[in-house]
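All values below were derived from every heavy atom in this structure, side-chain atoms included, with hydrogens, water molecules and symmetry-related copies excluded.
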Protein chains: 2
Amino acid sequence: MQIAVLLYDNFTTLDAVGPYELLGRLPGAETVFVAKEPGPVRNDQGSLALVADKALADVPHPDIVLVPGGDGTREAMQDEAILAWLRTADATSTWTTSVCTGSLVLGAAGLLEGRRATSHWLALDVLPLLGAEPTGERVVFDGKYVTAAGVSSGIDMALHLLGRIGGDEAAQTVQLLTEYDPQPPYDAGSPEKAPAEIVAYWRRQELVNVG
Amino acid sequence: MQIAVLLYDNFTTLDAVGPYELLGRLPGAETVFVAKEPGPVRNDQGSLALVADKALADVPHPDIVLVPGGDGTREAMQDEAILAWLRTADATSTWTTSVCTGSLVLGAAGLLEGRRATSHWLALDVLPLLGAEPTGERVVFDGKYVTAAGVSSGIDMALHLLGRIGGDEAAQTVQLLTEYDPQPPYDAGSPEKAPAEIVAYWRRQELVNVG
């Protein structure tokens, strides 16, 4: 069971590391971080680089493909080397997955055509432009395509996948060992729950960015 | 507001990246990943290296110190260069924090003497040996010392800290943008909630490891 985590400039770190930390604990799993070229790849905060141990060409047929989102999504969506690798990897993958705006990269590769999918709440309206049908769910399964909402949702996605792949006990074991018993001191993690003025502010920012 | 995240061989990635992803979004925050020497530091799964941009000596007075846990904790607890840096940084820090068995490294540096603290549930019994008083809480504040339980709990710790530092609205904004609205498909994230036989199995493993 080979898991390939795609890195590209200006990715969001937790999108990749959240699900990796849990999925990588599956007995027998081998995880490889891949990028166009091996070496450090810097994130969207600019303060951290993760090392891709392999080039895309070195990992053509992973069992699980994981695509994070981030500020660099737009460039990744136009990067033919990344899109070609995704199409090749997807042709033989067991699971093709994304977190946050990583789903837009999958969509740009043509892999979400006609499929239900999700993304960061501020990017849901881009999915139909790529042929996908957005949903408000946190983790969306459509066949072997699994997309998760913003940033932290990849952890929930990983638990779902662990259950499907290894069974309930494997998933519960990983949840226990990573002590994933969330107790956030606020309840503002979705646009339905956050204070309306904060949500409205960020929707305006999005319009500025898109404009 | 300078945040220093300590890296050492065989750290647990999510311990560091979870709180970093949230805290690093605080307006005005500058995060620096530090290690004994700059360069890639490999994690406890072996499949990922994070790059430390600075050496310990380059970052003597961070405002926030963050220590992750991991399989390498035992070596870190005996590493005089790491312990000396922690004591120096702590002398001027605003917050000294840890996730998972990172609290054992703080304890080994003598920083938790007489303080309430937490750690991974399998390591709580080590805290008294370091002069600390273990608690069953997920995030423990004792003055400027903030310790979080296993792996994923650092995300909750970061939200607490964001609220203390930047106020409720800053914390809620980060929670919304990272879509931290947890919906785990299982409820096995603590030894009180996980199936008893899984908990018992891992308690036996711990005994073997300690023995």
Side-chain angles (χ1 to χ4, degrees), chain A residues 3 5 12-14 17-18 20-22 24-25 30-33 40 42 45 47-51 53 100 120-122 138-139 149-153 155-156 159-160 163 168-169 171-173 175-191 193-195 198-199 201-202, chain B residues 3 5 12-14 17-18 20-22 24-25 30-33 40 42 45 47-51 53 100 120-122 138-139 149-153 155-156 159-160 163 168-169 171-173 175-191 193-195 198-199 201-202:
Chain A
I3 304 167
V5 183
T12 297
T13 317
L14 187 56
V17 167
Y20 157 67
E21 185 68 60
L22 277 71
R25 292 167 184 252
E30 174 218 8
T31 309
V32 188
F33 283 76
R42 199 151 285 268
Q45 291 198 31
S47 43
L48 177 61
L50 269 57
V51 177
D53 284 333
C100 200
H120 191 283
W121 62 275
L122 278 171
R138 187 161 171 83
V139 178
V151 191
S152 63
S153 62
I155 299 174
D156 290 332
L159 272 184
H160 280 281
D168 291 345
E169 194 171 329
Q172 290 167 316
T173 296
Q175 185 176 16
L176 174 63
L177 293 179
T178 57
E179 239 172 307
Y180 185 46
D181 180 26
Q183 296 171 27
Y186 300 92
D187 189 17
S190 77
K193 295 176 177 177
I198 299 179
V199 176
Y201 173 84
W202 287 99
Chain B
I3 305 168
V5 183
T12 297
T13 317
L14 187 56
V17 166
Y20 157 69
E21 185 68 60
L22 277 73
R25 292 167 184 253
E30 175 218 7
T31 309
V32 189
F33 282 76
R42 199 150 285 268
Q45 291 199 30
S47 44
L48 177 61
L50 270 57
V51 178
D53 284 334
C100 201
H120 192 283
W121 62 276
L122 278 170
R138 187 160 170 85
V139 178
V151 190
S152 64
S153 62
I155 298 174
D156 290 331
L159 272 184
H160 279 281
D168 291 346
E169 196 171 328
Q172 289 167 318
T173 296
Q175 185 177 16
L176 175 62
L177 292 179
T178 57
E179 242 174 302
Y180 184 47
D181 181 25
Q183 296 170 27
Y186 300 92
D187 189 17
S190 76
K193 295 175 176 176
I198 298 179
V199 176
Y201 173 83
W202 287 99

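B:Glu30 does not touch chain A: none of its heavy atoms, backbone or side chain, sits under 4.5 Å away. Residue B:Val199 touches chain A through both its backbone and its side chain, counting heavy-atom pairs closer than 4.5 Å. In this structure, the portion of B:Ile155 lying under 4.5 Å from any heavy atom of chain A is its side chain and not its backbone. Looking at B:Ala49, the atoms closer than 4.5 Å to chain A (heavy atoms on both sides) sit in the backbone and in the side chain alike. For A:Pro182, the parts lying near chain B are the backbone and the side chain together; criterion is any non-hydrogen pair under 4.5 Å. Looking at B:Arg25, the atoms closer than 4.5 Å to chain A (heavy atoms on both sides) sit in the backbone and in the side chain alike.
The choice from B:Gly24, B:Ser190, B:Gly150, B:Ala194 that makes the most heavy-atom pairs within less than 4.5 Å of chain A is B:Gly150. If you tally non-hydrogen atom pairs under 4.5 Å between each of B:Leu176, B:Asp168, B:Thr13 and chain A, the highest count goes to B:Leu176. Of the listed residues (B:Thr12, B:Thr31, B:Leu48), the one with the most heavy-atom contacts under 4.5 Å to chain A is B:Leu48. Interface check for chain B: of the options A:Val32, A:Asp187, A:Leu122, the most heavy-atom pairs under 4.5 Å are formed by A:Asp187. With chain B as partner, the option from A:Cys100, A:Ala149, A:Pro40, A:Ser153 having the largest number of non-hydrogen pairs under 4.5 angstrom is A:Ala149.
Taking the side chain as every heavy atom from C-beta outward, A:Val5 and A:Phe33 approach each other to under 4.5 Å. The shortest distance between side-chain heavy atoms of A:Val151 and B:Leu177 does not fall below 4.5 Å. The closest side-chain heavy-atom distance from A:Leu14 to B:Leu14 is below 4.5 Å.
A pairwise comparison of heavy atoms in A:Gln45 and B:Glu21 identifies NE2-O, 3.1 Å as the closest pair.
Here the CD-CG distance, from B:Gln183 to A:Asp156, works out to 6.5 Å after rounding to the nearest 0.5 Å.
A:Gln172 places no side-chain N or O within donor-acceptor distance of the main-chain N or O of B:Ile198, the cut-off being under 3.5 Å. A distance-only check finds a donor-acceptor pair linking the side chain of A:Glu179 to the backbone of B:Trp121 [under 3.5 Å].
Side-chain contact of A:Tyr20 with B:Ser47: a donor-acceptor pair under 3.5 Å is present, judged by distance alone.
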